[in-house]
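Worth knowing before you read on, the calculation uses all heavy atoms, side chains too, and leaves out hydrogens, waters and symmetry mates.
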Amino acid sequence: ERNVMVNRAGIHVLATMLREKGLIASRDFQRRWRERTLANLSALNRKERFLDVKPDVLAAFKGKNRRRFEERLGRAEDLLYSLQSAAAATVLEEALSLDPQNLPLKAYLGEIYAGLADYSRAVTCLAEAVGVKRPPAPALLACAQAELRLGRGAAAEKRLLRLLDGDPGNGEGWTLLSLVHALAENWAACGGCAEKSLAIEET
């Protein structure tokens with residue numbers, strides 16, 4: 001906490017100096033600060049998610065060159081630690097070419113592409129993962145986000161209902177479903193989903 005306070009104080013001083021010299025507008029700085037902070041948090045989440053799925057990716061391996069496959073995973077992990085998600089996705093695509101049927105790896109790639117706003121590619125990667133009998137919740141959520149961004153509200157709603165059927169305590173799922181209903185101007189359903197989300201986590 002002390003380090004965060006010191007860093008924020010230093011950034012505040014630099015921002016004040018830039019504003020005094022007329023080099024940056026206060027509102028512009030706040031917008032950029034927020035965008036960069038959210039981008040970094042998303043990249044950190046992708047790194048944490050990789051640590052969660054890596055054992056499943058390794059267990060699902062059915063390719064021929066395991067050593068090279070593990071090398072690609074290791075390189076991707078290094079890139080994720082330095083918050084280089086796009087470069088990590090490229091390396092994971094190389095890993096997938098060594099083991100094309102690796103479903104956990106495809107699903108994780110879909111999550112990365114959804115986070116990088118490459119929604120068509122995200123849906124392509126996630127299609128198989130969300131089609132199994134018991135799809136993982138992160139895959140359903142990422143697929144719904146991508147489909148919603150592509151203007152496919154009905155498809156997104158289908159994924160979210162399936163997610164919430166298996167995990168009714170998923171606040172993010174209820175939040176996204178409320179957005180689906182809002183975009184369709186179904187306000188009663190929107191309010192009901194929002195209330196369920198707020199009951200889980202009031203943010």
Side-chain angles (χ1 to χ4, degrees), residues 25-50 52-53 80 83-86 88-90 92-93 96 103-203:
S26 176
R27 184 177 297 175
D28 188 44
F29 172 77
Q30 294 298 334
R31 178 183 58 79
R32 291 187 187 185
W33 169 261
R34 179 176 172 80
E35 288 176 355
R36 183 64 60 87
T37 301
L38 291 174
N40 281 357
L41 286 172
S42 295
L44 286 169
N45 285 337
R46 283 190 282 275
K47 179 199 77 171
E48 296 297 328
R49 277 288 299 145
F50 184 73
D52 290 340
V53 304
L80 288 166
L83 308 183
Q84 299 179 60
S85 299
T90 299
L92 290 173
E93 288 283 5
L96 187 61
L103 198 56
L105 179 54
K106 282 184 185 178
Y108 179 71
L109 266 170
E111 290 181 43
I112 282 191
Y113 287 132
L116 294 174
D118 192 343
Y119 303 117
S120 294
R121 189 177 287 183
V123 171
T124 299
C125 289
L126 289 160
E128 192 176 346
V130 298
V132 299
K133 188 174 182 180
R134 292 183 179 175
L140 283 168
L141 192 62
C143 195
Q145 290 171 336
E147 287 172 329
L148 191 58
R149 289 286 192 171
L150 292 170
R152 305 173 190 168
E157 182 178 2
K158 180 182 174 183
R159 308 293 184 204
L160 292 168
L161 289 173
R162 198 170 176 199
L163 165 68
L164 293 166
D165 183 54
D167 182 12
N170 191 306
E172 197 171 356
W174 286 114
T175 301
L176 200 58
L177 187 56
S178 71
L179 177 59
V180 170
H181 290 311
L183 292 171
E185 298 187 4
N186 186 350
W187 302 115
C190 170
C193 291
E195 286 176 1
K196 288 180 180 178
S197 176
L198 288 168
I200 295 167
E201 184 176 359
E202 191 173 328
T203 67

Partner residues of [X] under the salt bridge (charged side-chain N to carboxylate O under 4.0 Å, His left out) criterion, sequence neighbours left out:
{"X": "Glu185", "result": "none"}
{"X": "Arg46", "result": "none"}
{"X": "Arg152", "result": "none"}

Side-chain donor-acceptor distances from residues 121-134 under 3.5 Å, at least two apart:
residue : atom : partner : partner atom : Å
Arg121  : NH1  : Tyr113  : OH           : 3.3
Thr124  : OG1  : Ser120  : O            : 3.0
Glu128  : OE1  : Lys106  : NZ           : 2.8

Only counting residues at least two apart or in another chain, list the ones meeting side-chain contact (heavy atoms from CB on, under 4.5 Å) with [X].
{"X": "Ala184", "result": "none"}
{"X": "Ser197", "result": "Trp174, Thr175"}
{"X": "Leu161", "result": "Glu157, Leu177"}
{"X": "Ala86", "result": "Leu116"}

Of all the heavy-atom pairs spanning [X] and [Y], show the shortest one and how long it is.
{"X": "Cys190", "Y": "Ala182", "value": "SG-CB, 3.8 Å"}
{"X": "Leu148", "Y": "Gly153", "value": "CD1-CA, 4.2 Å"}
{"X": "Ala137", "Y": "Leu163", "value": "CB-CD1, 3.4 Å"}
{"X": "Lys47", "Y": "Tyr108", "value": "N-OH, 4.4 Å"}
{"X": "Ile112", "Y": "Ala89", "value": "CG2-CB, 3.8 Å"}

| Arg149, CZ: over 12 other non-hydrogen atoms inside 6.0 angstrom | no
Point-to-point distance, once rounded to the nearest 0.5 Å, from [atom1] of [X] to [atom2] of [Y]:
{"X": "Glu201", "Y": "Asn170", "atom1": "CD", "atom2": "CG", "value": "10.5 Å"}
{"X": "Leu96", "Y": "Leu105", "atom1": "CG", "atom2": "CG", "value": "5.0 Å"}
{"X": "Asn186", "Y": "Ser178", "atom1": "CG", "atom2": "OG", "value": "11.5 Å"}
{"X": "Leu83", "Y": "Ser85", "atom1": "CG", "atom2": "OG", "value": "7.0 Å"}
{"X": "Gln145", "Y": "Leu140", "atom1": "CD", "atom2": "CG", "value": "11.0 Å"}

| query | Could you give all pairs that pass the salt bridge (Lys or Arg N to Asp or Glu O under 4.0 Å) test and reach residues 158-173, with sequence neighbours left out? | reply |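 Applying salt bridge (Lys or Arg N to Asp or Glu O under 4.0 Å) to every pair that reaches into residues 158-173, excluding sequence neighbours, yields Glu147-Arg159.
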| said: Would you say that Asn40 contacts Thr37 through its side chain, given a criterion of any heavy-atom pair below 4.5 Å between the two side chains? | reply: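 SC-SC contact between Asn40 and Thr37 ruled out.
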| query | Tyr119: what forms a ring-ring contact (aromatic ring centres under 6.0 Å, His included) with it, not counting sequence neighbours? | reply |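 ring-ring contact (aromatic ring centres under 6.0 Å, His included) check on Tyr119 returns nothing, list empty.
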